[in-house]
Student: 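Just dropping this structure here.
Both counts, for ligands and for their atoms, begin at 1 and track the order of listing.
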Amino acid sequence: MDKNIVVAIDGYSSCGKSTLAKALAKKLHFIYIDSGAMYRAVTLYFLRNNIDLTNHDQIAQALKNIHLNFHSRDYQTHILLNDEEVSDEIRLMPVTENVSSIAALHEVRVEMVKQQQRMGRSKNIIMDGRDIGTVVFPNAQVKLFMTADPKIRAERRYKEVVIKEPHISLEEVFESLAHRDYQDTTRAESPLTRAEDAIILDNTDLTPDEQLAFAISKVEPFLK
Ligand code: CDP
């Protein structure tokens, strides 16, 4: 019987939130929900359909036409946009470059937060994103706020990106992360910020196993 434990992981772009969230979910048998994948899938739909970001009717109609579903295999995120598997396409640069503008829209946030809260009802979940501990689940039992040196973050992301988009340089990845962090922390609605009761986890010098052990020690008291 699930106790409805919520672990909220927020933080900057590419600081290892999803690596930690997946490992933690696997270890504890919790459900992992990647809220960023939802904003990315919405962005893909908006780009494909040339939605005008200043036109509220178009945005509202687009949101009505978007149906998102997760299916979980090996704790990897598989997201379906209107029944199409888009997990790989949402990680490519065109979506990455536009996602923070689209995630800043009021209508988009209201709809995503509603869906995220529904997914967390009466289950043990780990959700990562930017506003999980502040807005989506302000009563989460465990809140982590992750950070890491920006250069290290860019190097980590570059290694992932270059496999599929070899023309991209480390400098471009660094700039793109810095720009997204700026947009995410300065937007009017639900900006990325540490919840007062969130524990800071700086993983610049931590291995994945070390950060997992740290997180488990924070969740364990709630499992008893
Ligand atoms: O994996 P990465 O750190 O690159 O980002 P992500 O978690 O996939 O999120 C992509 C973008 O979605 C972020 O830069 C935010 O603009 C937006 N996002 C958000 O606004 N709120 C969330 N809860 C999650 C993501």
Side-chain angles (χ1 to χ4, degrees), residues 6-22 32-47 53 68 70 76-79 81 86-120 125-138 140 143-150 152-162 164-165 168 172-195 198 201 203:
V6 175
V7 180
I9 304 181
D10 290 304
Y12 300 98
S13 298
S14 283
C15 59
K17 297 184 296 294
S18 70
T19 304
L20 175 62
K22 280 177 210 162
Y32 165 53
I33 301 164
D34 174 352
S35 71
M38 299 170 71
Y39 290 97
R40 286 174 176 272
V42 168
T43 300
L44 180 61
Y45 182 95
F46 275 41
L47 291 176
L53 302 190
L68 300 178
F70 283 103
Q76 299 300 320
T77 296
H78 293 276
I79 189 161
L81 166 62
V86 293
S87 313
D88 289 337
E89 195 172 350
I90 60 167
R91 305 280 160 210
L92 299 179
M93 270 312 195
V95 168
T96 300
E97 296 284 80
N98 287 284
V99 61
S100 289
S101 310
I102 290 165
L105 298 170
H106 170 73
E107 296 93 326
V108 172
R109 301 212 70 80
V110 169
E111 183 55 34
M112 291 305 110
V113 169
K114 193 168 79 188
Q115 294 191 19
Q116 289 152 7
Q117 288 173 336
R118 204 183 302 138
M119 289 179 209
I125 64 157
I126 296 168
M127 193 178 287
D128 71 342
R130 303 292 184 286
D131 60 342
I132 310 306
T134 50
V135 175
V136 184
F137 294 111
K143 298 183 187 179
L144 298 175
F145 188 84
M146 288 181 68
T147 177
D149 181 294
I152 301 281
R153 291 196 271 133
E155 281 164 19
R156 288 176 186 161
R157 178 54 57 104
Y158 176 69
K159 282 189 197 145
E160 289 170 10
V161 168
V162 79
K164 289 194 177 139
E165 297 172 289
I168 289 167
E172 280 173 280
V173 171
F174 184 90
E175 288 306 321
S176 159
L177 288 182
H179 184 58
R180 210 139 54 84
D181 284 346
Y182 176 76
Q183 284 182 291
D184 291 344
T185 49
T186 56
R187 70 183 175 214
E189 189 158 330
S190 327
L192 168 62
T193 177
R194 182 176 79 86
L201 171 53
N203 70 4

Student: Provide, to 0.1 Å, the distance between atom 16 (O) of ligand 1 and the closest protein heavy atom, together with that atom's residue and name.
Tutor: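 Answer for atom 16 (O) of ligand 1: D184 OD1, 2.6 Å.
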
Student: So which bit of M112 gets within less than 4.0 Å of ligand 1, heavy atoms only: side chain, backbone, both or neither?
Tutor: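 Neither; nothing of M112 gets under 4.0 Å from ligand 1.
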
Student: What atoms of ligand 1 come within less than 4.0 Å of a heavy atom belonging to D131?
Tutor: 21 (N), 22 (C), 23 (N)

Student: So do the side chains of T96 and R180 get within less than 4.5 Å of each other, counting heavy atoms only?
Tutor: yes

Student: Has S14 got any heavy atom lying under 4.0 angstrom from an atom of ligand 1?
Tutor: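 The answer is yes: ligand 1 sits under 4.0 Å from a heavy atom of S14.
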
Student: Around atom 17 (C) of ligand 1, find the nearest protein heavy atom and jot down its residue, atom name and distance.
Tutor: A103 CB, 3.7 Å

Student: Strictly distance-based, threshold 3.5 Å: is any side-chain N or O of Q117 a donor or acceptor partner for the main-chain N or O of V136?
Tutor: yes

Student: If you measure every N/O of R180 against every N/O of ligand 1, is any gap under 3.5 Å?
Tutor: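 So ligand 1 has an N or O lying under 3.5 Å from an N or O of R180.
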
Student: Hey, does Y12 come in under 3.5 Å of ligand 1, counting only N/O atoms on both sides?
Tutor: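 No; every N/O pair is 3.5 Å or more apart.
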
Student: Please list, in number order, the atoms of ligand 1 under 4.0 Å from a heavy atom of S100.
Tutor: 14 (O), 16 (O)

Student: Measure the distance from atom 12 (O) of ligand 1 to every protein heavy atom, then report the residue, atom name and distance (to 0.1 Å) of the closest one.
Tutor: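 Looking at atom 12 (O) of ligand 1, the protein heavy atom closest to it is V99 CG2, 3.5 Å.
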
Student: Measure the shortest side-chain to side-chain distance between L192 and F145 over non-hydrogen atoms and say whether it is less than 4.5 angstrom.
Tutor: yes

Student: Evaluating non-hydrogen atoms only, which member of R109, K17, R130 is closest to atom 7 (O) of ligand 1?
Tutor: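 Answer by nearest heavy atom: R130.
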
Student: Which atoms of ligand 1 are found less than 4.0 Å from any heavy atom of G36?
Tutor: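 With G36 as reference, the close atoms of ligand 1 come out as 6 (P), 7 (O), 8 (O), 9 (O), 24 (C), 25 (C).
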
Student: Do D10 side-chain atoms and I132 backbone N/O form a donor-acceptor pair below 3.5 Å?
Tutor: yes

Student: Between R40 and ligand 1, which residue portion shows a heavy-atom distance shorter than 4.0 Å: side chain, backbone, both, or neither?
Tutor: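 Contact part for R40 vs ligand 1: side chain (C-beta onward).
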
Student: Report yes or no: does S176 contribute a side-chain atom to a donor-acceptor pair with the main-chain N or O of E172 at less than 3.5 Å?
Tutor: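 Flag not set: sc S176 to bb E172 has no pair under 3.5 Å.
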
Student: Hey, is the main chain of R109 close enough, under 3.5 Å, to the side chain of E189 for a donor-acceptor pair?
Tutor: no

Student: Give a yes or no on whether the backbone of T77 and the side-chain of K22 come within a donor-acceptor separation of less than 3.5 Å.
Tutor: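 Between the backbone of T77 and the side chain of K22 there is no qualifying donor-acceptor contact (under 3.5 Å).
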
Student: Just wondering, do F46 and L53 contact through their side chains at under 4.5 Å, heavy atoms?
Tutor: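 When only atoms from C-beta onward are counted, F46 and L53 do touch, with a gap below 4.5 Å.
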
Student: Looking only at protein heavy atoms, identify the closest one to atom 24 (C) of ligand 1 and say how far it is in Å.
Tutor: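 Result: S35 OG, 3.3 Å.
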
Student: Are the side chain of T134 and the backbone of A195 linked by a donor-acceptor contact shorter than 3.5 Å?
Tutor: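 Side chain of T134 to backbone of A195: no pair is present.
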
Student: Could you tell me whether R91 approaches ligand 1 through its side chain, its backbone, both or neither, with non-hydrogen atoms closer than 4.0 Å?
Tutor: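 Within the 4.0 Å criterion, R91 contacts ligand 1 through side-chain atoms alone.
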
Student: When you look for heavy atoms under 4.0 Å from ligand 1, do you find them on the side chain of I132, its backbone, both, or neither?
Tutor: side chain

Student: Atoms of ligand 1 less than 4.0 Å from G129 heavy atoms?
Tutor: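 Numbered from 1, ligand 1 contributes 22 (C), 23 (N), 24 (C).
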
Student: Between D34 and R91, is the closest basic N to carboxylate O distance under 4.0 Å?
Tutor: yes

Student: Please state which part of R187 comes within less than 4.0 Å of ligand 1, counting heavy atoms only: side chain, backbone, both or neither.
Tutor: side chain

Student: I'd like to know if R187 and D184 make a salt bridge, using a cut-off of under 4.0 Å between side-chain N and carboxylate O.
Tutor: yes

Student: Among all protein heavy atoms, pick out the one at the shortest distance from atom 2 (P) of ligand 1; state its residue, atom name and that distance to 0.1 Å.
Tutor: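 It is R157 NH2, 3.5 Å.
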
